[in-house]
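Take a look at the structure below.
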Amino acid sequence: MSIRFDGKVALITGAGAGLGRAHALAFAARGAKVVINDFGGSRDGTGSSTTAAQAVVDEIRKAGGTAIANGANVADPAQVQAMIEQTMAEFGRIDILVNNAGILRDKSFAKLQAEDFKLVLDVHLNGSINCSKAVWDIMRAQQYGRILMTTSAAGMYGNFGQANYGAAKMALIGLMNVLSVEGRKNDIKVNTIAPVAATRMTEDVMSPEALQRIQPERVTPGVLYLCSEQAPTKVILGAGGGTFSTATIMETAPVHLTDAELTPEGVAARFPQIADWSTARAYAEVLEQVQVFLAPAA
Ligand code: NAD
């Protein structure tokens, strides 16, 4: 049951370096025609160059694969639209979109400026929205599509100094949840990877030994599975160093308070039961969850 991408077209944003580059090389090695998007800026999003994207294209072509370079800034809807038009003109379809491009502007919330929020939200969140929106109708018409978001444990669990990044990364999970519901009838599967990898984003926060163990290539097999024909949908896959996990949002069993208990003190008194995680479950869709609150107390 080998996973191949022959005849498929994969667009990977931020594929000039790090994780995106590793994903792109692997898609190409398994038969995909690949669009290597990279704006080519520095880690904080300043500057731009198409050198990095072109170098990955050259690497793929040298190995016998098919790839084109694109230097669009994913935060700019017009540039994204032009990238999609370039892809359609070159390859005629888009089956896979990996939203991977990212930047960092780490500072404590006290020091973060509005511009730091805007830039980080623009690249991670609006960039993923722009690209997903631009391929959506194409995938719907094809009755096939695979979209991947790239989140981070910094958003899922919290990390000092990353309020802008954490907010953007967690928003992508909301985007995945809704797109996976809306894409279901057209065989569009939408998933999220939560990677840990040695790249320029992490090179100064981990030891050389740790970095050695978490090369980006050790995340990529999870990405290829989530973008394959047999992909699940609405999955958050943790991946790093060859280790994988899944994460989900869960809710504890509902606790109905009597009218007499319906006071702040009543909530406080029942809080240990309300927050008892041994009863937790996930919901497939919002209506399932809302029903719990509409149902009369048992
Ligand atoms: P990286 O800096 O090596 O790669 C990011 C790439 O995105 C760069 O090549 C950069 O030029 C490109 N890029 C930045 N802004 C862009 C824009 N506006 N348009 C197009 N391209 C743009 O970092 P990485 O670690 O490989 O990061 C890849 C993704 O993984 C990011 O979304 C990042 O937030 C996420 N991530 C990484 C880690 C990790 O441990 N490395 C952990 C959690 C999440």
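Counting starts at 1 for both ligands and their atoms, in listed order. What's counted below: heavy atoms across the whole structure, side chains too, no hydrogens, waters or symmetry copies.
With a 6.0 Å radius and a threshold of 12 heavy atoms from other residues, nucleotides or ligands, Glu261 has its CD atom above the threshold. Under a cut-off of 6.0 angstrom, the local environment of NZ in Lys118 is sparse, with at most 12 non-hydrogen atoms contributed by other residues, nucleotides or ligands.
Protein heavy atom nearest atom 15 (N) of ligand 1, with residue, atom name and distance: Ile103 CG2, 3.5 Å. Here the protein heavy atom with the shortest distance to atom 24 (P) of ligand 1 is Thr199 OG1, 3.5 Å. Among protein heavy atoms, atom 21 (N) of ligand 1 sits closest to Phe39 N, 3.2 Å. For atom 35 (C) of ligand 1, the closest heavy atom belonging to the protein is Thr150 CG2, 3.5 Å. At the top of the distance list for atom 9 (O) of ligand 1, counting protein heavy atoms only, stands Asp38 OD2, 2.6 Å. Of the protein's non-hydrogen atoms, Arg200 NE, 3.9 Å is the one closest to atom 1 (P) of ligand 1. Scanning the protein for heavy atoms near atom 4 (O) of ligand 1, the closest one is Ala17 O, 4.2 Å. Looking at atom 6 (C) of ligand 1, its nearest protein heavy atom turns out to be Gly14 O, 3.5 Å.
Looking at Gly102, Gly127, Ala154, Gly45 and measuring to atom 5 (C) of ligand 1, the nearest heavy atom belongs to Gly102. The residue from Gly238, Ser152, Pro195 that puts a heavy atom closest to atom 42 (C) of ligand 1 is Pro195. Residue nearest to atom 32 (O) of ligand 1, selected from Asn126, Asn100, Val74: Asn100 (by heavy-atom distance).
Contact check on Arg184 versus Glu285 returns a salt bridge, with a Lys/Arg side-chain nitrogen under 4.0 Å from an Asp/Glu carboxylate oxygen. With salt bridges taken as basic N to acidic carboxylate O contacts below 4.0 Å, none links Glu251 and Arg281. In this structure, Arg43 pairs ionically with Asp204, as a charged nitrogen and a carboxylate oxygen lie closer than 4.0 Å. Ion pairing between a basic and an acidic side chain is recognised when a charged N comes within 4.0 Å of a carboxylate O; Arg146 and Glu229 show no such pairing.
The proximity of Lys169 to ligand 1, defined as any non-hydrogen pair under 4.0 Å, is limited to the side chain. Only the side chain of Asn37 comes within 4.0 Å of ligand 1, counting heavy atoms alone; its backbone N, CA, C and O stay farther away. With a heavy-atom cut-off of 4.0 Å, Asn73 touches ligand 1 through backbone and side chain alike. The backbone of Ala72, and not its side chain, has at least one atom closer than 4.0 Å to an atom of ligand 1 (non-hydrogen atoms only; backbone = N, CA, C, O). With a heavy-atom cut-off of 4.0 Å, Leu19 touches ligand 1 through backbone and side chain alike.
Contact atoms of ligand 1 toward Val196: 40 (O) (distance under 4.0 Å to a heavy atom of the residue). Taking a cut-off of under 4.0 Å to the non-hydrogen atoms of Gly18, the atoms of ligand 1 that pass are 3 (O), 26 (O). Taking every non-hydrogen atom of Gly40 and a distance limit under 4.0 Å, the qualifying atoms of ligand 1 come out as 11 (O). Remark: ligand 1 atoms within the under-4.0 Å shell around heavy atoms of Gly41 are 11 (O). Here is the list of ligand 1 atoms found below 4.0 Å of a heavy atom in Tyr165: 33 (C), 34 (O), 35 (C), 36 (N), 43 (C), 44 (C). Atoms of ligand 1 found under 4.0 Å from any heavy atom of Val123 (numbered from 1 in listed order, with element): 15 (N), 18 (N). Of all atoms in ligand 1, listed by their number and element, those nearer than 4.0 Å to a heavy atom of Thr202 are 39 (C), 40 (O), 41 (N).
His23 contributes no side-chain N or O that, together with a main-chain N or O of Leu224, makes up a donor-acceptor pair within less than 3.5 Å. Side-chain N or O atoms of Thr13 include one that pairs as donor or acceptor with a backbone N or O of Ala101 at under 3.5 Å. Judged purely by atom type and a 3.5 angstrom limit, Asn73 uses its side chain to pair as donor or acceptor with the backbone of Ala75.
Judged purely by distance below 3.5 Å, without hydrogens or angles, the side chains of Ser132 and Ser128 never pair a donor atom with an acceptor atom. In summary, the side chains of Asp116 and Gln113 do not present any donor paired with an acceptor at a separation below 3.5 Å, with no hydrogens or angles considered. If you check the side chains of Arg218 and Gln215, you find no donor sitting under 3.5 Å from an acceptor.
The side chain to side chain contact (heavy atoms under 4.5 Å, CB included) test with Ile147 is passed by exactly one of Met176, Lys189, Met139: Met139. A side chain to side chain contact (heavy atoms under 4.5 Å, CB included) with Val135 holds for exactly one of Asn130, Thr87, Ile84; it is Ile84.
Seen from the ring of Phe5, Lys33 does not count as a face-on cation partner, given the 6.0 Å and 45° thresholds.
Residue Arg21 places no heavy atom under 4.0 Å from ligand 1. Residue Pro216 places no heavy atom under 4.0 Å from ligand 1. Under the 4.0 angstrom criterion for non-hydrogen atoms, Thr151 is in contact with ligand 1.
Between the CE atom in Met156 and the OG1 atom in Thr248 there is a gap of 9.5 Å [rounded to 0.5 Å].
For ligand 1, none of its N or O atoms has an N or O atom of Met201 under 3.5 Å away.
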